[in-house]
Each structure stands twice: as structure tokens, then as C-alpha cells.
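Nothing fancy with the numbering, it's 1 onward along the sequence.
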Amino acid sequence: MARIPRRNMVGTRCVIYVAGIGSDLSPLQILRGSLHVVDMCAAPGGKTSQLLSAGFGHVTAIESSERRSRQLVENLNRLGLSERCQVIVGDGQNFIPAEQHGEIHGIVLDVPCIATGTGARRPDELLQIRESLADHCVDNILDLGGILVYATCSILKEESEDQVTKLIAHGKQNANYSSVTTLPIHPSKVPGFEAAIDENGWLRVLPGVFEGDLQSTDGFFVARLIKEIS
């Protein structure tokens with residue numbers, strides 16, 4: 001398992017589990033080595049390195065910050081994983097796959113949360129960014145039958161469950177947009193957190209509710225969605 005130095009990691013356990021769930025694209029009946037996955041908001045590279053280490057054919061890592069992108073490239077070079085990864089500096093909302101990118105089979109979407117205090121944006125602005133980026137990923141980036149892993153290192157429903165509910169409704173309420181449905185997370189994919197899978201098949205972990213080594217786990221949320229015909 002590739003590791004990013006601890007000084008570069010925020011929400012370490014969240015990153016590991018997001019990447020682990022993101023690595024499960026088993027419904028796609030093709031070889032993992034040919035899969036192309038996009039890692040949105042990729043720096044400092046924890047998720048990207050986990051996905052590459054899982055054996056995916058190619059990962060496109062998108063990061064809006066030029067400074068954090070340099071850190072991402074340094075980490076990938078140090079781990080010897082840069083050959084199968086393209087790093088793109090820019091806003092995810094503006095990314096449109098070019099023909100040379102080929103099909104996009106999966107997207108890991110883990111954008112900054114209100115609680116992180118990242119940047120100078122107001123909470124309502126961050127929520128709008130989350131919503132528009134998720135819609136863009138489904139409508140304009142992910143191919144039919146592809147999988148979107150939506151994740152937050154947050155305990156707030158308005159950043160997590162509510163956003164996924166909106167994303168699912170986004171396609172069902174408008175024939176001009178793409179539709180996604182929940183692909184339930186299987187307990188075998190989240191050892192120790194089986195009880196945290198809710199009735200929707202989403203993973204909701206709250207801090208301080210587990211015992212033993214998991215007692216210090218930060219709160220996080222993960223949902224897995226598959227793109228279907230509207």
C-alpha cells in the first residue's frame with residue numbers, strides 16, 4: 001500500500017477508506033488494468049496513489065491549486081507511480097475529457113468540507129461548488145455504466161447525505177441530465193465499519209462511536225453511485 005508522508009495527510013483514515021471504496025469497480029465487467037479513473041481535488045495524492053497501487057490502468061488527477069499540484073507530482077514521483085497518472089491543474093468544473101483520455105470508468109469526488117476551513121470561501125459557496133461539481137462529473141465526465149464515489153470527511157448531512165440525495169434527484173427530475181443510482185457499499189469492503197452502512201447503502205462514520213483502534217476515527221461519509229440511462 002502506497003503511503004503519503006503523515007505530514008501531508010489530512011483525515012488519514014478517511015483518505016484510505018475513500019480510496020478503498022473507490023478501488024471497487026467490480027460491476028464493470030472489464031479488466032481493472034484497462035480502467036481509467038478520475039481523482040477530483042486530488043492533492044496531496046493519498047487517494048491517487050491508492051488508486052494507482054490498486055492496479056488501475058490510468059488515473060487522471062485534477063487539482064485546482066498549482067502549489068498543491070506540485071506537491072502531488074512530487075509524491076507520485078517519489079512513489080514511482082507517475083507513469084500511469086496525468087496531473088491536470090485547473091478547476092474540476094471546467095474539465096471535459098478529450099478524445100485522448102478515452103472512457104472515464106470511475107470518479108472519486110472528495111472536495112473540501114466546511115469544517116476544514118480550506119481557503120476563504122463561505123460555507124454556502126463551498127456547498128454550491130460541491131453540488132455543481134458533482135452534477136458536472138455525472139453529466140459531462142463519467143461514461144454510462146461508470147461509478148462515482150462521493151466522499152466527505154464531514155459529519156454534516158448538508159455536505160454529505162443531502163448532497164447525494166440532490167445528485168440522484170438531479171437526473172430523475174430532468175430528462176436533459178444524466179441519472180445515477182446508489183450502488184450499495186458491501187460490508188466486506190469496509191472491515192470494522194460494517195455497522196456504519198445505513199439503509200441507503202451509504203457509509204456514515206461518526207467520531208468516537210467505535211471501540212479499540214477505531215475509537216479515534218474521524219467522521220466521514222462515502223456513497224457509491226452508478227451512472228445509468230435516464
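Across I197, T152, V149, V190, a single residue satisfies side chain to side chain contact (heavy atoms under 4.5 Å, CB included) together with V222, and that is V149. None of V108, L51, I107, L109 except one satisfies the side chain to side chain contact (heavy atoms under 4.5 Å, CB included) rule with V38; the exception is I107.
Put simply, CG on D198 and CG on L203 are 8.5 Å apart, with the number rounded to the nearest 0.5 Å. In this structure, OG in S65 is found 7.5 Å from CZ in R70, a value given to the nearest 0.5 Å. Expressed to the nearest 0.5 Å, how far CD1 of I226 lies from CG of L144 amounts to 8.5 Å. If you take OG on S69 and CD on E74, they are separated by 11.0 Å, rounding to the nearest 0.5 Å. R224 contributes atom CZ, which lies 6.5 Å from atom CD1 of I185 (distance to the nearest 0.5 angstrom).
Connection of L81 to V89 is not established within any shared hydrophobic cluster, with ILVMFWY side chains joined at heavy-atom distances below 4.5 Å, either directly or through further cluster members.
Residues P191 and E194 come closest through the heavy atom pair CA-OE2, 3.6 Å. Closest of all the heavy-atom pairs between F220 and C153 is CB-CA, 4.0 Å. Here the closest non-hydrogen pair linking S178 and D139 is N-OD1, 3.0 Å. Considering every non-hydrogen atom in both M40 and C137, the closest pair reads CE-SG, 3.9 Å. Taking every heavy atom of both residues into account, G55 and R84 meet most closely at C-NH1, 4.2 Å. Taking all atoms of both residues into account, the shortest heavy-atom contact from L142 to L148 is CD2-N, 4.0 Å.
Between L52 and L76 there is a side-chain heavy-atom pair separated by less than 4.5 Å. The closest side-chain heavy-atom distance from Q163 to L167 is not below 4.5 Å. The shortest side-chain heavy-atom distance between E103 and H36 does not fall under the 4.5 Å cut-off. For the pair S49/N75, no side-chain contact is recorded, criterion being any heavy-atom separation below 4.5 Å from C-beta on. No side-chain heavy atom of D143 sits less than 4.5 Å from a side-chain heavy atom of H105. Looking at I129 and Q93, their side chains come closer than 4.5 Å, going by heavy atoms from C-beta outward.
The environment of CD1 in I155 is sparse: at most 12 heavy-atom neighbours from other residues, nucleotides or ligands sit within 6.0 Å.
Classification of D39 and K47 as a salt-bridged pair holds, one side-chain N sitting under 4.0 Å from a carboxylate O.
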